[in-house]
Amino acid sequence: MPEIDPTEHEIAELGPKIKDVDDADELREMLELEESGEDRVPVKTLIEDRIEKVEGEDEEIDPQTVDLDDLTVADIANLVRDIDDVGVLEDLLEREEAGQDRKTAKGQIEDRIESIEGSDDEEGEELEYVPPEEKHPDLDHPTNEKQWVENIDDGSYRDMWVYCETQHGELIDVSLEMLGKARQLMDEYNQEYGGDEDGNPEDVVAVLIGDSVGDLTEQAVEYGADRVVYHEDDRLERFRHTPYTEIFCSMARAGGQVADEDQEDVDWKEYDEPRYTVFPATNNGRDLSALVQGELDSGLASDCSGLYIEDAMISNPAKTGKPGDSKEFDRILHMKRPDFSGFEYSTILCIDKPFRDFHPQGASVIPGSFEIPEADPEREGEVIEHEMDLDDDWFQVEVTEFDTLDSGIDLTGHDVVVAIGRGIGDSPTEGIELGLDLVEAFDDAAFGLSRGVITSSYNFEGHVEQYVGEDRQIGESGQVVEPDVYVAAGISGAIQHKVGMDESDTIIAINTDPEADIRGFSDYFIEGDLFEVLPRLTEAVESGELAAALAEASDD
């Protein structure tokens with residue numbers, strides 16, 4: 001007998017419970033109980049989906065027998081990463097050529113073969129280095145020195161720096177998510193590489209900038225930081241581009257070759273710049289990440305949802321310095337982000353080239369991409385108060401009045417998320433109000449939007465205006481949510497939105513178009529007008545009959 005008898009629960013209660021069941025046999029027993037009992041189609045679908053997910057996680061793919069037609073390009077990229085047998089890889093390549101013959105899939109296999117045995121291309125002459133001032137003598141615009149930046153002479157880099165954003169005096173969830181991910185990455189890094197080039201373990205460094213952020217340093221340590229560097233000033237209560245950028249870069253360059261002339265030596269840092277930097281892909285985090293990485297003369301992969309550190313075999317002569325030559329670059333941060341072309345991901349690499357260093361390797365992370373770790377009150381770390389004179393000119397603009405939303409900015413961590421899309425076009429204000437009514441009916445729910453609503457020219461009246469902003473956007477350039485229940489009303493289901501919510505346990509879609517993309521990845525699809533369906537769902541939630549209403553509506 002399984003621990004959970006589904007016949008004793010409503011579907012809204014089952015979602016969170018079933019999510020924690022990892023035994024496929026136990027799930028099958030639950031399915032039998034439901035079939036012999038109430039035999040509710042939505043409940044059976046929920047259990048069957050969980051069985052499929054659990055068995056998919058447990059099943060190991062045999063590269064010698066797998067049907068490549070069943071795999072996406074991303075699946076193939078993950079598969080070949082762990083294959084060291086060139087013969088097996090060549091067989092995969094032949095089967096792909098005889099099958100779908102996808103260029104990107106073949107490229108993944110060929111890159112892995114090349115990383116093992118090197119390139120057979122004919123080597124050419126080594127590229128000649130021409131200094132920027134000789135290569136571009138007529139370049140006189142203000143940023144000419146930023147266009148072709150030479151490397152730091154024998155530059156030294158180490159550690160992963162995490163910018164921890166705060167709101168209302170607290171670390172926001174994505175800051176905790178990034179600290180946990182950084183801790184995992186650097187633990188694996190130190191085990192794989194033995195630490196830095198001298199054999200010393202590399203650290204997770206948390207960066208805090210703002211007003212009274214010194215109160216949050218211990219929390220940053222508890223969530224994974226080895227060292228916390230903070231700068232507090234009451235003028236930094238609100239995010240400001242120039243001072244925040246200057247402070248971060250001053251921290252990053254402290255003790256290095258390119259430190260400011262008036263900056264004193266520090267005893268907590270003996271390298272030139274961080275090896276990796278990670279920022280939240282929030283409104284402020286996106287701005288700061290671009291400004292910092294530009295000031296530090298490096299690149300940025302924005303809106304990432306996955307990170308890992310691994311060596312990479314590269315044959316691009318711009319990176320190797322010699323046509324036909326392959327070179328293995330180690331300690332490379334692989335930064336995965338959703339692709340615009342379809343249900344795929346691109347992996348961005350920020351790799352040095354001759355006479356040019358690209359450090360720190362930088363990424364901004366979509367909120368909700370990683371789990372929040374458990375805090376460890378026993379962890380110990382070093383806390384550094386950064387000292388720097390702030391230029392008064394950086395604070396010439398004074399904010400005299402602003403509004404702050406009480407809730408809704410952070411959509412992660414809620415049991416339910418109700419999201420509204422362009423289906424409200426006939427009556428935008430009423431559509432938002434109906435969505436908010438459904439949010440209020442649940443005990444723990446948040447209100448989100450598709451990008452289409454935010455970029456539209458709808459006119460919203462009254463109080464609903466405060467609920468229409470970029471901070472509520474869900475998707476590739478917004479937040480990533482994984483609630484127990486996700487309600488998508490009037491949302492078509494484009495890939496940019498899908499990547500922000502498709503890990504939700506139960507997805508309920510409402511759309512007038514029976515061919516809408518979202519139907520393909522929803523647990524319940526209700527073909528209908530959201531202006532009619534949402535009030536019915538709200539009544540069902542308030543009366544405790546959501547499961548029955550869903551079954552009836554989705555059957556209609």
Side-chain angles (χ1 to χ4, degrees), residues 10-13 15-16 167 172-173 367-368 403-454 456 458 460-475 478-491 493 497 500-511 518 522-526 528-550 553-554:
E10 295 291 332
I11 187 171
E13 301 173 329
Q167 283 183 1
I172 61 176
D173 282 355
D403 293 327
T404 301
L405 296 180
D406 293 332
S407 62
I409 294 176
D410 187 354
L411 304 180
T412 61
H414 295 276
D415 294 339
V416 179
V417 173
V418 177
I420 300 294
R422 292 179 66 90
I424 61 172
D426 292 341
S427 183
T429 299
E430 181 186 358
I432 298 294
E433 290 176 335
L434 292 176
L436 293 171
D437 288 343
L438 182 56
V439 168
E440 288 296 320
F442 287 103
D443 291 332
D444 179 24
F447 181 75
L449 299 167
S450 73
R451 180 168 179 78
V453 174
I454 295 168
S456 71
Y458 298 145
F460 296 99
E461 301 173 359
H463 72 287
V464 303
E465 285 185 309
Q466 66 182 299
Y467 294 97
V468 182
E470 291 185 4
D471 52 5
R472 294 184 182 273
Q473 181 179 329
I474 295 170
Q479 299 190 46
V480 175
V481 296
E482 300 179 7
D484 298 330
V485 178
Y486 185 86
V487 182
I491 296 174
H497 187 79
M501 46 67 75
D502 66 342
E503 291 298 319
S504 304
D505 285 346
T506 301
I507 299 173
I508 303 168
I510 305 165
N511 207 293
I518 200 169
S522 297
D523 299 289
Y524 300 94
F525 181 82
I526 302 174
D529 191 329
L530 66 85
F531 292 97
E532 299 175 2
V533 176
L534 285 178
R536 291 172 58 187
L537 290 184
T538 300
E539 291 177 6
V541 173
E542 292 173 341
S543 62
E545 299 178 352
L546 177 60
L550 286 175
S554 56

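Along the sequence shown, residues are numbered consecutively beginning with 1. For the numbers below, each heavy atom of this structure counts, side chains included, while hydrogens, waters and symmetry mates do not.
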request  = Would you indicate whether the side-chain heavy atoms of Ile424 and Tyr458 approach each other to under 4.5 Å?
outcome  = yes
ask   = For the atom pair CD1 (Ile420) and CG (Leu436), what is the distance rounded to the nearest 0.5 Å?
value = 8.0 Å
request  = Please identify each residue that fulfils side-chain contact (heavy atoms from CB on, under 4.5 Å) with Val480, with sequence neighbours left out.
outcome  = Ile366, Ser369
remark   = On a heavy-atom basis, the closest approach of Gln466 and Arg472 is O-NE, 4.4 Å
query = Quick one: are Val533 and Asp529 in side-chain contact, heavy atoms under 4.5 Å?
reply = no
ask   = How about Ile508 and Asp523: do any of their side-chain heavy atoms sit closer than 4.5 Å?
value = no
ask   = What residues, two or more places apart in sequence or in another chain, satisfy side chain to side chain donor-acceptor pair (under 3.5 Å) together with Asp444?
value = His414
request  = Quick one: pull up OG1 in Thr412 and CG in Asp173 and give me the separation to the nearest 0.5 Å.
outcome  = 4.0 Å
query = Are Ile510 and Leu537 close enough that some pair of their side-chain heavy atoms sits under 4.5 Å apart?
reply = yes
query = So which heavy atom on Ser504 is nearest to which on Tyr486, and how close?
reply = OG-CB, 3.6 Å
Qualifying residues under side-chain contact (heavy atoms from CB on, under 4.5 Å), relative to Glu470, sequence neighbours excluded = Asn283, Ile454
task = Would you mind reporting whether Gln479 and Leu411 have side-chain heavy atoms less than 4.5 Å apart?
result = yes
query = Looking only at atom types and distance, does a side-chain atom of Arg422 sit under 3.5 Å from a main-chain N or O of Val453, one as donor and one as acceptor?
reply = no
request  = Mind telling me whether Phe447 and Tyr467 have parallel, tilted or perpendicular rings, with 30° and 60° as the class edges?
outcome  = perpendicular
query = Under the side-chain contact (heavy atoms from CB on, under 4.5 Å) test, which residues partner Ser522, sequence neighbours left out?
reply = Ile507, Ala509, Ile518
ask   = Would you find a donor on one side and an acceptor on the other, under 3.5 Å apart, between the side chain of Asn511 and the backbone of Ile491?
value = yes
key: Partners passing side-chain contact (heavy atoms from CB on, under 4.5 Å) against Val416 (at least two apart in sequence or in another chain)   = Val418, Phe442, Ala445, Val485
message = Test your reading of the model: is there a side-chain donor-acceptor pair from Thr429 to the backbone of Phe460, 3.5 Å cut-off?
response = no
inquiry  = Are Leu438 and Val487 packed together at the side-chain level, in the sense that at least one heavy-atom pair is separated by less than 4.5 angstrom?
reply    = yes
key: Heavy-atom closest pair, residues Val417 and Pro483   = CG2-CG, 3.8 Å
request  = Find out whether Pro535 and Asp437 are in side-chain contact, i.e. whether some heavy atom of one side chain is under 4.5 Å from a heavy atom of the other.
outcome  = no
key: Within-4.5 Å side-chain heavy-atom neighbours: Glu482 and Met501   = no
task = Only counting residues at least two apart or in another chain, list the ones meeting side chain to side chain donor-acceptor pair (under 3.5 Å) with Ser543.
result = none
Set of residues satisfying side chain to side chain donor-acceptor pair (under 3.5 Å) with respect to Glu430, sequence neighbours excluded = Ser427
